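Values in this document were obtained by computation on a predicted structure and should not be read as measured data.
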Amino acid sequence: MNHNVDVLRKDFPLLAQTARGKPLVYLDNSATSQKPQCVIDALQHYYSHDNANIHRGVYELSERATKEYEDVRVLVQQFINAKSADEIIFVRGATEAINLVAASYGRTNIKAQDEIMISAMEHHSNIVPWQILCEQTGAVLKVIPITDEGEMDLDAYQKLFSSRTKLLAFAHASNALGTINPAKEMIRIAHSHNVPVLLDGAQAFPHMPVDVQDLECDFYVLSSHKAYGPTGLGVLYGKSELLNAMPPYQSGGDMIESVSFEKTTYNKLPYKFEAGTPHIAGVIGFGAAIHYMQKIGMQQIALHEQELLSYATKKLSAIPDLRIIGTAKNKVGVISFVLKGIHPHDIGTILDDQGIAVRVGHHCAMPVMQRFNVPATVRASFGLYNNVSDIDALCEGLNEVKRLFA
Ligand code: 7TS
């Protein structure tokens, strides 16, 4: 399918509205994406026709809900090319997926003096769970430095490995800088040291084809809501050898095989990690989002966003006193920037007056702000429905900011 933005935009009812009396310009896709009508319809259809609890009813409705839920698991498996659908665990989001690995894999495999490696460009959700694990186990956190361009310092990375390195976790793409990391190469190096790798795909999955077998990552995490699906849902992919050896993260219904007061045995994968009634509607809505992305094609989406990124980078760079934070060669459609002498929050407020939604702040990546010595940035991030007019509006908005502060 051709990436005709004008046609695709009509699939997103929210985009047709005004904000502050101006046509809405939505440029905060890294925070969350808008939803196409097919996802909204899937949620409505599920609650109107198919709502039942899954994996337990013998009646038709429950069988139908269970099938729809499990069909999405297979869809996700195929979409990210996992070996088996058992390796796809539905969780609340990328955050919960990382917490699951830190708690279950971490507490089983990490001991005092072991080293956990992350990078200096991580979202807080890929920092704090590891810090807590370190506090609990006596392990030590090691941080891969990043360059002035916002790229991973690969020389420093290689030197950071020791015989105590037990786990590596880093972002496939950075939410604050846009950097796409050389994940496959980094994973190859980690594996040469026998170190398993968790890849945080929250900012990559919606923007490029992802193949977990090609990447050879041990864990991959993602959030549905950043990829045109419902909120409150994410995926943990893990190699079955690792997931099979891990203890449950949460416990309760559905994750057991048998329960008695003497002994409880656990269900097999993937159910072992899906305690309680899951977000059934969310999973079904996410299935619709994946079908939608598949129909357009991830290559097409990536290509379109890359075109927007180069257009926006050129136009923003021409604005005097504007400094882009994050100038890596390989980026997703994320541009973080500061304007000399004007606080990002003031910029965000003035842009909002013009109907332009961007994120301002530390983007849950405070160490990135510290690295670049800025209190905050303005961040414009693109999705498949953004167009050149959105970027023109942003630039006009920034000229207005400069006029007001002149
Ligand atoms: N990892 C990365 C790289 C992220 O950007 C985010 C969210 C998460 C993990 C957590 O995802 P969640 O769905 O579990 O919340 N990032 C952002 C952001 O950049 N602005 O708002 C949320």
Test item: Q77 side-chain N/O and I88 main-chain N/O as donor-acceptor pair under 3.5 Å: no

If you measure only the distance, is there a donor-acceptor pair under 3.5 Å linking the side chains of Y237 and N81? no

Distance-only, no hydrogens or angles: does the K402 side chain make a donor-acceptor pair with backbone N or O of P320 under 3.5 Å? yes

SB check E60 R64 (cutoff 4.0 Å): yes

Between H279 and R92 (side chain of the first, backbone of the second, donor and acceptor by atom type, cut-off under 3.5 Å), is there such a pair? no

Validation row, ring centre F12 to ring centre Y292 under 6.0 Å: yes

When you measure from the side chain of N386 to the backbone of G383, do you find a donor-acceptor pair of N or O atoms at a distance under 3.5 Å? yes

Measuring from I335:CD1 to T327:OG1, what's the distance to the nearest 0.5 Å? 11.0 Å

Side-chain donor/acceptor of E274 to backbone N/O of D254, under 3.5 Å: no

Apply ring-ring contact (aromatic ring centres under 6.0 Å, His included) to residues Y69 and H55 and explain how you reach the verdict. CA-CA 10 Å; Y69 179 89; H55 299 149; 5.8 Å; yes

For the backbone of V58 and the side chain of S62, can you confirm whether one donor and one acceptor N or O come within less than 3.5 Å of each other? no

Looking only at atom types and distance, does a side-chain atom of S336 sit under 3.5 Å from a main-chain N or O of R379, one as donor and one as acceptor? no

Return yes if some donor-acceptor pair links the side-chain N/O of S33 with the main-chain N/O of N29 below 3.5 Å, else return no. no

Between Q354 (side chain only) and R20 (backbone N and O only), is there a donor and an acceptor less than 3.5 Å apart? no

Electrostatic pair K239-D218, nearest N-O below 4.0 angstrom: yes

Would you be so kind as to tabulate the donor-acceptor pairs closer than 3.5 Å made by side chains of residues 170-180, with sequence neighbours excluded?
from: H172; atom 1: ND1; to: Y220; atom 2: OH; distance (Å): 2.8
from: S174; atom 1: OG; to: A176; atom 2: N; distance (Å): 3.2
from: S174; atom 1: OG; to: L177; atom 2: N; distance (Å): 2.9
from: N175; atom 1: ND2; to: H363; atom 2: O; distance (Å): 2.8
from: T179; atom 1: OG1; to: G150; atom 2: O; distance (Å): 2.6

Around Q17, counting heavy atoms of other residues, nucleotides and ligands shown, do more than 12 lie under 6.0 Å from its CD? yes

Is the shortest distance from a Lys or Arg side-chain nitrogen in R73 or D86 to a carboxylate oxygen in the other one below 4.0 Å? no

With ring-ring contact (aromatic ring centres under 6.0 Å, His included) as the test, pick out the partner of Y105 among W130, F273, F219. F219

Look at the side chain of D390 and the backbone N and O of N387, then say whether any donor-acceptor pair between them is shorter than 3.5 Å. yes

Do the side chains of K22 and D352 get close enough for a salt bridge, i.e. N-O under 4.0 angstrom? no

Can you name the nearest heavy-atom pair linking P230 to L43, along with the distance? CG-CD2, 4.0 Å

How are the rings of F205 and F286 set relative to one another: parallel (under 30°), tilted (30 to 60°) or perpendicular (over 60°)? tilted

Would you call D11 and K295 a salt bridge, taking side-chain N to carboxylate O under 4.0 Å as the test? no

Minimal heavy-atom distance between S163 and K166, with the atoms involved, is O-CE, 4.0 Å

Return the orientation label for the Y385 and Y228 ring planes: parallel under 30°, perpendicular over 60°, tilted otherwise. perpendicular

Nearest 0.5 angstrom please: Y157 OH to N181 CG, how far? 10.0 Å

Hey, is CD on Q44 packed in by over 12 heavy atoms from elsewhere, all under 6.0 Å? no

Working for salt bridge (Lys or Arg N to Asp or Glu O under 4.0 Å), residues K35 and D41: CA-CA 10 Å; K35 318 304 171 199; D41 288 346; over 6 Å; no

Residues forming a side chain to side chain contact (heavy atoms under 4.5 Å, CB included) with H193, sequence neighbours excluded: F161, I189, V195

Between the side chains of S119 and E122, does any donor sit under 3.5 Å from an acceptor? yes

